Trainee: 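One structure is given below, represented as structure tokens, and several questions about it will come after.
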Amino acid sequence: MREELEKLKTKALAELEAIDGEEDLEEWRIAYLGRKGAITSFLRGLVSLPLEERRALGALANEMKSLLEKRFAETEKALKAAEAARLAEKGRIDVTLPGRPVPLGRLHPATQMIREICAAFTSMGFRVVEGPDVEWDYYSFEALNIPKGHPARDMWNTLWIDYQTEDGERPMLLRPHTSPMQIRVMEKTRPPVRVVVPGRCYRYEATDATHESAFFQVEGLAVDDGITFANMKGTLYEFARRIFGAERKARFRCDYFPFVEPGVEMAIDCFACGGKGCRICKESGWIEIMGAGMVHPGVLERVGYDSSIYTGFAFGLGVERMAMLKYGIEDIRLFYSNDMRFLRQF
Ligand code: PHE
């Protein structure tokens with residue numbers, strides 16, 4: 001019997017040694033230490049023995065039981081510690097891993113162009129102001145020397161707001177250009193005036209590659225004692241060189257806008273072909289970039305400026321057109337079709 005007990009102990013300890021999982025450990029516990037386990041049945045087998053022997057073997061068996069219990073507790077502790085270490089390793093933060101990139105948006109190409117244009121002018125002393133998209137007839141036309149019935153209205157007589165005064169007039173529209181802001185700025189300030197006005201404009205247009213019904217303009221206005229046509233040419237020339245390259249040449253030709261006199265259309269020599277003629281300049285060697293002119297004395301007088309003292313120049317340019325020229329974009333509709341393949345390029 002003693003030998004049997006010794007064997008049982010060796011076997012149990014050897015098995016325990018080999019265990020590396022909590023489930024196996026539990027099985028082992030049931031097999032040796034459980035209510036129907038090996039030790040219990042050994043003790044039960046002692047009943048038939050004489051008392052002396054039963055006592056001695058019983059004591060031995062109990063000693064062995066406590067040894068196994070002790071070893072069991074140790075093994076259990078070691079297994080738990082190993083498991084905890086494994087989990088900790090798994091959940092460890094590797095501070096050397098590169099972070100997940102945060103998806104970054106970017107500015108719309110029209111916004112970028114507006115900022116670039118405004119930056120060129122602010123660096124020359126202009127201030128940026130904005131005005132309302134819904135505008136009065138007075139600011140859009142009347143105050144700009146375009147009275148009712150004037151043929152120049154045809155070009156801008158476009159999207160009217162469905163609002164009538166008592167005498168049946170509809171005096172409100174979506175501004176077809178940013179020029180109304182010339183008047184609003186002059187009404188509120190005395191010379192010197194130097195502003196640029198970026199803003200969305202609206203026209204009733206059949207859209208095509210070069211026309212959209214909503215688009216951006218940047219208006220400019222400089223009024224002071226003694227401003228000349230040469231000042232205008234110098235300023236706009238410098239602007240064109242900043243946007244399209246220092247080697248640009250500029251050309252000013254007569255054009256007509258009721259609120260300027262004289263009025264001009266400004267062109268730069270084609271930056272794509274250097275003036276030889278290509279697709280971008282439509283074989284002419286020149287690219288028109290804006291309308292401009294000396295502020296009409298009638299406009300100055302209307303806002304209460306003395307036109308015998310004050311003179312100034314104004315200009316207006318199309319933002320998308322600028323960006324199209326600068327980046328070789330062939331269709332203005334690309335700006336507003338939400339095509340990420342297009343937008344991501346800027
Ligand atoms: N407002 C004019 C347009 O929309 C452009 C312009 C502005 C011309 C200022 C001259 C002076 O076409």
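Predicted model, so just to flag it, every value in this text is computed and none were measured. Ligands are counted one by one from 1 in listed order, and the atoms in each one are counted from 1 as well.
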Trainee: Considering the heavy atoms of F257, write down every atom of ligand 1 situated less than 4.0 Å from one of them.
Mentor: 8 (C), 10 (C), 12 (O)
Trainee: Which of the numbered atoms in ligand 1 are below 4.0 angstrom from a heavy atom of Q182?
Mentor: 9 (C)
Trainee: Assess, by modelled atom type and distance only, whether the side chains of E135 and S140 contain a donor and an acceptor separated by less than 3.5 Å.
Mentor: no
Trainee: In terms of side-chain heavy atoms, does S179 have a donor or acceptor partner in E219 at a distance below 3.5 Å?
Mentor: yes
Trainee: Going by distance alone, is a donor N or O of one side chain under 3.5 Å from an acceptor N or O of the other, for E187 and Y139?
Mentor: yes
Trainee: Does any part of the side chain of Y204, heavy atoms only, come nearer than 4.5 Å to the side chain of S213, both counted from C-beta?
Mentor: no
Trainee: Assess whether a salt bridge exists between D133 and R175, defined as any Lys/Arg side-chain N lying under 4.0 Å from an Asp/Glu carboxylate O.
Mentor: yes
Trainee: Under 3.5 Å between some N or O of ligand 1 and some N or O of R203?
Mentor: yes
Trainee: Does ligand 1 have a heavy atom under 4.0 Å from the side chain of E219, from its backbone, from both, or from neither?
Mentor: side chain
Trainee: Would you tell me whether S123 and R242 have side-chain atoms, one donor and one acceptor, within less than 3.5 Å of each other?
Mentor: yes
Trainee: In terms of side-chain geometry, is the basic nitrogen of R71 or E17 positioned less than 4.0 Å from the acidic oxygen of its partner?
Mentor: no
Trainee: In terms of atom number and element, which parts of ligand 1 are under 4.0 angstrom from non-hydrogen atoms of F315?
Mentor: 7 (C), 9 (C), 11 (C)
Trainee: Looking just at side-chain N and O atoms, do Y32 and E15 make a donor-acceptor pair shorter than 3.5 Å?
Mentor: yes
Trainee: Q217 heavy atoms, cut-off 4.0 Å: which ligand 1 atoms fall inside?
Mentor: 3 (C), 4 (O)
Trainee: If you measure from each non-hydrogen atom of A292 to ligand 1, which part falls under 4.0 Å: side chain, backbone, both or neither?
Mentor: backbone
Trainee: For atom 6 (C) of ligand 1, find the nearest protein heavy atom and state the residue, atom name and distance (0.1 Å precision).
Mentor: G316 N, 3.8 Å
Trainee: Nearest protein heavy-atom contact for atom 12 (O) of ligand 1: which residue, which atom, what distance?
Mentor: W156 CZ2, 3.7 Å
Trainee: Would one find an N or O of S179, backbone or side chain, under 3.5 Å from an N or O of ligand 1?
Mentor: yes
Trainee: Using a 4.0 Å heavy-atom cut-off, which part of M155 comes near ligand 1: side chain, backbone, both, or neither?
Mentor: neither
